[in-house]
Amino acid sequence: MRPIPASPPTIDDSPANNLTLQLRAHLQALALRKPTSDAKDPRLRVVIIGAGFAGLTVAKRLSQAPVDITLIDRENHHLFQPLLYQVATAGLSPADIAWPIRSLVRHQRNTRVLLGAVTSVDRERQCVIVDGRSVTYDVLVLATGATHSYFGHDSWAEHAPGLKTVDDATEIRRRLLLAFERAEMESDARERERLLTIVIVGGGPTGVEMAGSVVELARQALAADFRTIDPQQTHVLLVEAGPRLLPNFPEPLSHHAEQALRQLGVDVLLERAVTHCAAIGVTLGDEDVNAATVIWAAGVTASPAAKWLAVAGDRVGRVVVGPNLQPPGMDDVFVIGDTALAQDPAGKPLPGIAPVAKQQGAYVAEAIQARLSGKAAPLPFRYRDRGLLATVGRKTAVIAFGRLRLKGWFAWWIWGIAHIYFLVSLRNRLIVMTQWLWSYISFERGTRLITGLRTNLDSNRLHRRDDDTNTSPSGQTKNKID
């Protein structure tokens with residue numbers, strides 16, 4: 001029997017079969033390919049800690065660079081700190097001067113944002129620890145800013161909040177407005193006087209601007225809103241340990257600011273240091289001032305960046321950096337903003353203000369781009385002075401720009417235009433400008449909201465306790481000195 005010949009194989013030319021074969025070939029190619037995690041990533045990894053003026057400037061300037069940026073911050077928003085005092089005194093809403101960080105860099109495909117607190121830096125492994133997780137870097141930028149300094153008396157923070165964050169501002173606003181509400185219900189004259197006494201510690205720009213805004217809040221915005229008390233009788237004290245206000249300004253401008261505050265009704269106390277702070281008030285040497293609200297604007301201390309890098313900081317904890325904004329011997333680390341102690345060519349420390357931070361951020365971005373392109377590092381950082389500005393209430397300000405000195409109403413307008421210009425978005429510029437215009441015409445403060453209200457409303461602070469009747473802020477039983 002002859003064998004039956006095998007029939008020739010049939011070829012399926014259908015589109016479905018072709019698609020199956022292509023898919024099978026693609027999967028085989030993927031199986032042969034090495035995992036992407038094994039391949040070395042040629043892109044430079046830049047980790048920026050802090051999304052303030054300095055850190056955000058670095059990230060924005062590197063938006064088109066071939067780098068992978070990780071931007072880390074404890075808050076989810078970027079804050080325009082120069083106007084934070086207006087949130088604390090009900091002039092602006094927090095959303096008017098703060099923006100979500102993610103929205104600011106949403107179009108930067110090379111940037112990711114992490115919300116978390118950095119606890120340490122491992123320089124040997126080139127990584128930072130964020131809430132227990134490790135983030136690796138090739139270049140590290142520390143721009144972590146500063147916080148309040150109570151000069152070794154950290155327990156005072158409970159009674160005298162500082163002003164660095166949105167939470168600080170809303171807490172101060174709550175205390176201020178609650179004091180007036182409690183005074184309206186208070187029958188005891190001495191306690192009502194304490195509730196209407198506000199002490200601001202520190203005569204720098206924050207203290208001066210806060211004092212002017214607080215007294216205008218009390219004597220203008222709230223003047224007609226109460227029936228039992230007269231907010232115009234509010235006693236606002238500005239306490240400065242030094243011989244004059246605004247010590248970084250020329251002396252004639254400091255004198256003008258002092259006189260302007262006195263005309264507004266602020267009691268300016270110079271060369272008077274706070275020696276004790278408690279729930280009932282403050283002690284100035286041997287004098288007790290009973291006050292329900294105390295606001296701290298006297299000093300700052302840097303973040304723990306020096307500790308992270310295992311280097312010695314200056315007296316307020318700042319990292320000493322060279323002209324290239326790097327600590328000695330650390331080619332992969334930049335330290336900028338309030339975290340750094342940078343000096344001008346004359347050896348004078350640069351001030352902790354926004355223009356310095358932004359220019360330092362631009363310099364670091366330029367240095368990173370030079371490294372990427374193989375070019376020489378930029379020339380040593382040199383700050384281009386943008387001047388010093390401070391406002392005193394709604395009618396005057398002081399400006400020092402090189403040899404130029406301005407004060408009065410015209411300086412106030414320049415101050416306002418400059419601050420509106422430096423806001424991040426057009427929306428916020430329009431909102432702030434509209435709010436200021438309306439407040440200027442009507443004397444109203446539109447954000448007088450008391451938040452964080454609880455059943456027991458700070459009874460130890462706003463209500464006099466029975467055992468505090470004859471107790472001074474220093475803890476001694478003696479009469480108050482008016």
Side-chain angles (χ1 to χ4, degrees), residues 77 79-98 160-185 195-200 205-227 229-238 261 264-266 291-297 390-395 397 412 415-416 419-420 423 428 430-454 457-458 461-462:
H77 55 268
L79 177 65
F80 190 75
Q81 281 192 352
L83 292 180
L84 195 56
Y85 79 95
Q86 295 208 5
V87 176
T89 54
L92 293 173
S93 167
D96 296 340
I97 62 168
L163 187 61
K164 285 292 182 182
T165 67
V166 168
D167 288 339
D168 294 336
T170 54
E171 172 64 15
I172 291 173
R173 183 182 69 188
R174 187 181 71 86
R175 295 191 184 199
L176 285 170
L177 298 178
L178 266 180
F180 288 100
E181 296 294 340
R182 291 305 188 194
E184 178 77 356
M185 298 186 294
L195 289 166
L196 295 180
T197 300
I198 301 164
V199 176
I200 301 166
T206 300
V208 168
E209 293 177 343
M210 176 66 75
S213 190
V214 166
V215 76
E216 288 183 342
L217 169 68
R219 300 190 177 188
Q220 295 175 0
L222 301 179
D225 289 5
F226 293 87
R227 300 296 175 261
I229 63 172
D230 181 5
Q232 296 190 16
Q233 299 302 313
T234 302
H235 188 197
V236 179
L237 298 92
L238 178 59
L261 284 173
L264 288 174
V266 177
T293 306
V294 181
I295 302 169
W296 192 264
T391 183
V392 187
R394 52 185 278 122
K395 291 184 179 180
W412 183 83
W415 174 92
H419 282 69
I420 289 175
L423 290 172
N428 291 82
L430 294 175
I431 290 175
V432 170
M433 184 170 58
T434 304
Q435 289 273 32
W436 281 355
L437 181 61
W438 177 252
S439 297
Y440 192 86
I441 296 173
S442 66
F443 292 91
E444 291 185 4
R445 301 286 178 98
T447 56
R448 287 160 35 196
L449 308 178
I450 300 176
T451 58
L453 214 55
R454 296 179 296 274
L457 295 174
D458 286 335
R461 164 165 290 279
L462 295 178

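Everything numeric here is computed off the predicted structure, so don't read it as measured data.
- Judged by distance alone, with hydrogens and angles left aside, the side-chain atoms of N428 form a donor-acceptor pair with the main-chain N or O of A95 at under 3.5 Å.
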Practice problem: Quick one: do V208 and T206 satisfy side-chain contact (heavy atoms from CB on, under 4.5 Å)? Show the steps, please. | Solution: CA-CA 6 Å; V208 168; T206 300; over 6 Å; no
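- Between the side chain of Q81 and the backbone N or O of K164, at least one donor-acceptor pair lies under 3.5 Å.
- Using a 4.5 Å cut-off on side-chain heavy atoms (C-beta onward), I97 and L79 make contact.
- Between W296 and P161, every side-chain heavy-atom pair lies at or beyond the 4.5 Å cut-off.
- A distance of 13.5 Å separates CG in L196 from CZ in R182, rounded to the nearest 0.5 Å.
- Two residues are said to be in side-chain contact when any heavy atoms from C-beta on lie closer than 4.5 Å; I198 and L237 fail this criterion.
- Separating the CZ atom in R174 from the CD atom in E181 is a distance of 12.5 Å, to the nearest 0.5 Å.
- Considering only heavy atoms from C-beta on, T391 comes within 4.5 Å of Y85 through its side chain.
- Looking at I295 and V199, their side chains never come closer than 4.5 Å, going by heavy atoms from C-beta outward.
- Scanning both residues, A291 and T197, for their nearest heavy atoms gives CB-O, 3.5 Å.
- Annotation for L163 and A88: closest pair CD1-CB, 4.2 Å, computed over non-hydrogen atoms.
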Practice problem: Check the pair R173 / L176 against side-chain contact (heavy atoms from CB on, under 4.5 Å), numbers first and verdict last. | Solution: CA-CA 5 Å; R173 183 182 69 188; L176 285 170; 5.7 Å; no
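- Looking at S213, its side chain never comes within 3.5 Å of a backbone N or O of M210 through a donor-acceptor pair.
- Taking the side chain as every heavy atom from C-beta outward, R175 and V294 never approach each other to under 4.5 Å.
- A distance of 6.0 Å separates CD1 of I200 from CG of L238, quoted to the nearest 0.5 Å.
- When ring centroids are compared, W436 and W415 come within the 6.0 Å threshold.
- Every residue meeting the ring-ring contact (aromatic ring centres under 6.0 Å, His included) condition with F80, not counting sequence neighbours, appears here in chain and number order: F53.
- Side-chain contact check for Q435 versus V432: every heavy-atom pair is 4.5 Å or farther apart.
- For the atom pair E216 CD and K395 NZ, the distance stands at 8.5 Å (nearest 0.5 Å).
- Expressed to the nearest 0.5 Å, how far CD of Q233 lies from CZ of R219 amounts to 7.5 Å.
- Looking at heavy atoms from C-beta onward, P94 lies in side-chain contact with T170 at the 4.5 angstrom threshold.
- Side-chain atoms of D168 and T165 include a donor-acceptor pair closer than 3.5 Å.
- In terms of modelled atom types and a separation under 3.5 Å, the side chain of Q232 and the main chain of A218 share no donor-acceptor contact.
- Heavy-atom minimum distance, A90 versus R448: CB-CG, 3.6 Å.
- In terms of heavy-atom proximity, E184 sits nearest to R227 at OE2-N, 3.1 Å.
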Exercise. Please lay out, stage by stage, how L222 and L217 fare under the test side-chain contact (heavy atoms from CB on, under 4.5 Å).
Key: CA-CA 6 Å; L222 301 179; L217 169 68; 4.1 Å; yes
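- Between the CE atom of M185 and the CG atom of L195 there is a distance of 9.5 Å, given to the nearest 0.5 Å.
- Every residue two or more places apart in sequence or in another chain was checked for a ring-ring contact (aromatic ring centres under 6.0 Å, His included) with H235, and none qualifies.
- A distance-only check finds a donor-acceptor pair linking the side chain of T447 to the backbone of L92 [under 3.5 Å].
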